[in-house]
Number of protein chains: 2
Amino acid sequence: MNLAEVAKRAKVSTATVSRVLNDVGPVKKSTRARVLRAAEELRYHPNLHARNLAGGKSRTVGMIVSNMENPFFVDVYKGAEQAARSRGYDLVLANTDYNPENLASNIRLMIGRRVAGLALVISEMEPGLIQELSELAIPVVFYDVGAPKHNFSNIVVNYAKGIERVVNYLLELGHRRMAFISHHRTLGPLSVRERAFRDTVQNYSASIEWRIAASADGLDGGRQAAREVLASGFNPTAMICVNDFMAMGALHELREAGLRVPQDVSVTGFDNIRLAEVCYPPLTTLHIPRERIGQLMFQDLIEPVPMPEACRRRLVLDPEFVLRGSTGAARKP
Amino acid sequence: MNLAEVAKRAKVSTATVSRVLNDVGPVKKSTRARVLRAAEELRYHPNLHARNLAGGKSRTVGMIVSNMENPFFVDVYKGAEQAARSRGYDLVLANTDYNPENLASNIRLMIGRRVAGLALVISEMEPGLIQELSELAIPVVFYDVGAPKHNFSNIVVNYAKGIERVVNYLLELGHRRMAFISHHRTLGPLSVRERAFRDTVQNYSASIEWRIAASADGLDGGRQAAREVLASGFNPTAMICVNDFMAMGALHELREAGLRVPQDVSVTGFDNIRLAEVCYPPLTTLHIPRERIGQLMFQDLIEPVPMPEACRRRLVLDPEFVLRGSTGAARKP
DNA sequence: TTGAAAGCGCTACCAG
DNA sequence: CTGGTAGCGCTTTCAA
């Protein structure tokens, strides 16, 4: 079923059908009605590929995330999706599972689709891919990572500040032995947080004992990392987790180990996902406006903000401390 | 950047470039290398729309789900995505948020993309849409709902059986006052579960007291529904939740109300999402092989299983009872 | 207000 | 093994 058949049935040219369907250009009322009816009767569904090809422009933006299992990414996705929908755009999602090969193929896929823009919510990119994208003239917005190129822009959260905040808070509560639970230690954004942790702790006093454990992002990863820490004999009074989702895994492990939170061990997260409030005990964490970020990313893509070559956009958000029940004074030795 | 430019640069015809890029037909080694290099140098990215248009066939399947916030859907998505990727297909996802308008527009979008198949993981469809789809000759697979059409097929879970199982279990534990926590009561699949609950309870004894509360799907919905039940003065010793995600919300509400689980109230879920194991207390629930379902849906779409008109496929899975800490003997009155 | 026709970028078929 | 070329279905001038 195609335009031509609709045109034939309505006894008009394909040009007219196109005008009617796209609501552009002048069309006599009666003709219009006739076309609409024909399309209806024929159950005509325009071929989007043909449309894109002929039109040259795309009403689609792409988003690639690392891990849809982590509610953080789902929320960002939903924010962007909603923003896109409300502006008559269409968002297509891809998931990498932190796999670089998936990332590369997904990016190529998006390029092949000639998306109007690409939002990357991932933890790192190979320089090669960065290069490939920068040569492409399609607007790209990164979350949390990004290189300064004319068609790039980024939205970043001041993770270091957040980590610093929470560590200081724990320090004040008397914690002197803390573990940092992370994932993908080598990825840029993650290592920033790790460094913030180390720096804050060391700046405070050389006598603070600390340790870093990492596993995969997720419930299992959090659990695994926490287990490692416990098994090592290091006996932390606090666990600072790189995100809420992992923190929930850690919480579980502690419970299984017979440790009470926060009496025996304090636990903190990052992101303030909805679950952080609902889990037990509710997590002390840092809030990040995830849906907002999704919206901002979309906006950034389609709003052609002309600016000097060197000055790509960069928006920095500060996370907000949220105090809940998973933290308390350090247990007495 | 297009085929023609690559062809010019490699000093061959576009036909040859196409052959090389698609790895079809005979091409001399040296030519092949030349083309590849040209494409590389020009940073050529094939236009997928043109490819689809010209080729006529699509290597893309679509999936529409109701609520990506609920991990259940994420898992199904991941299963399908993985299956698709491994077979060289590409999965595009859409989310409806239980909004019928979003569903309709997403379906049209998928049709417009000429997907090779469409997987619907949603709770209900308007007859009009069903009709529209059935006239379309594209394979459709439903999860949990579906009408018998030649191009439809469905994978369903025996929810009634699961609910029956869990209710009987609670009955044996002495529970005599139970609440059923649901969402979207009028949607087909949901009402089936509700009915199963009612039937089981009533069959057991007329003296069993029961109540049904419903709210939105999700943490808040579960919490809200639980709150309603508690506020109503009805004092259940058990809450049967239509899914784990809502159960987690209910768990939270009970905790806030100062009720202990399972000592004061037993709680059950459905799906056995990863969180069910990690939350506190861990949920007694019914396992559904979500990733598997995703895989099956994909398979069903691309494997052209020819069969008699009337006999569309229908695969029924039985959920498996999983006993955890959120349930126990009914409290003494 | 409408139609004819030139592409959009690619695949696939037919020759050579 | 390679090139020419006819579409795929739609949008968009340009004329009428």
Report task. Give the C-alpha distance, both sets of side-chain angles, the deciding distance and a yes or no for ring-ring contact (aromatic ring centres under 6.0 Å, His included) between A:F72 and A:Y143. Result -> CA-CA 12 Å; A:F72 172 84; A:Y143 171 73; 5.7 Å; yes
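- Under the 4.5 Å side-chain criterion, counting only non-hydrogen atoms from C-beta, B:V141 is not in contact with B:L120.
- Straight-line distance from the CG atom of B:N47 to the P atom of C:dG7: 18 Å, rounded to whole Å.
- If you check every strand for non-hydrogen atoms under 4.0 Å, A:V17 touches nothing.
- Taking a heavy-atom distance under 4.0 Å as the criterion, the stretch of DNA chain D touched by chain B extends 5' to 3' from D:dC1 to D:dG9.
- Across the protein-nucleic acid pair, A:K8 atom NZ and C:dG3 atom C1' stand 17 Å apart, rounded to whole Å.
- Shown here is B:E135, whose CD atom has more than 12 heavy atoms of other residues, nucleotides or ligands within 6.0 Å.
- Rounded to whole Å, atom P of C:dG7 lies 24 Å from atom NE2 of A:H49.
- Applying the side chain to side chain contact (heavy atoms under 4.5 Å, CB included) test between B:T96 and each of B:V65, B:N102, B:I107 identifies B:N102 as the sole match.
- Put simply, the residue from B:T60, B:V115, B:I302, B:L301 that forms a side chain to side chain contact (heavy atoms under 4.5 Å, CB included) with B:Y89 is B:I302.
- Under the 3.5 Å distance criterion, the side-chain polar atoms of B:N22 are left unmatched by any main-chain donor or acceptor of B:V24.
- Non-hydrogen atoms lying under 4.0 Å from DNA chain D are contributed by nothing in residues 29-41 of chain A.
- A donor-acceptor contact closer than 3.5 angstrom is absent between the side chains of B:Q299 and B:Q295.
- Heavy-atom contacts from other residues, nucleotides or ligands closer than 6.0 Å to CZ of B:R292 number 12 or fewer.
- Using a 4.5 Å heavy-atom cutoff, the side chains of A:D97 and A:N95 are in contact.
- Side-chain contact of A:S153 with A:D300: a donor-acceptor pair under 3.5 Å is present, judged by distance alone.
- For the OP1/OP2 pair of C:dG9 and a distance below 4.0 Å, the side-chain nitrogens and oxygens of B:N2 include at least one atom meeting the criterion.
- A straight line from CG of A:L3 to C1' of C:dA4 spans 15 Å, rounded to a whole angstrom.
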Can you tabulate the close N/O pairs, meaning under 3.5 Å, that link protein atoms to atoms of nucleotides 12-16 of chain C?
unit_1, atom_1, unit_2, atom_2, d
C:dA12, OP1, B:K57, NZ, 2.6

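- One side chain, A:D217 or A:Y98, offers a donor N or O that lies under 3.5 Å from an acceptor on the other.
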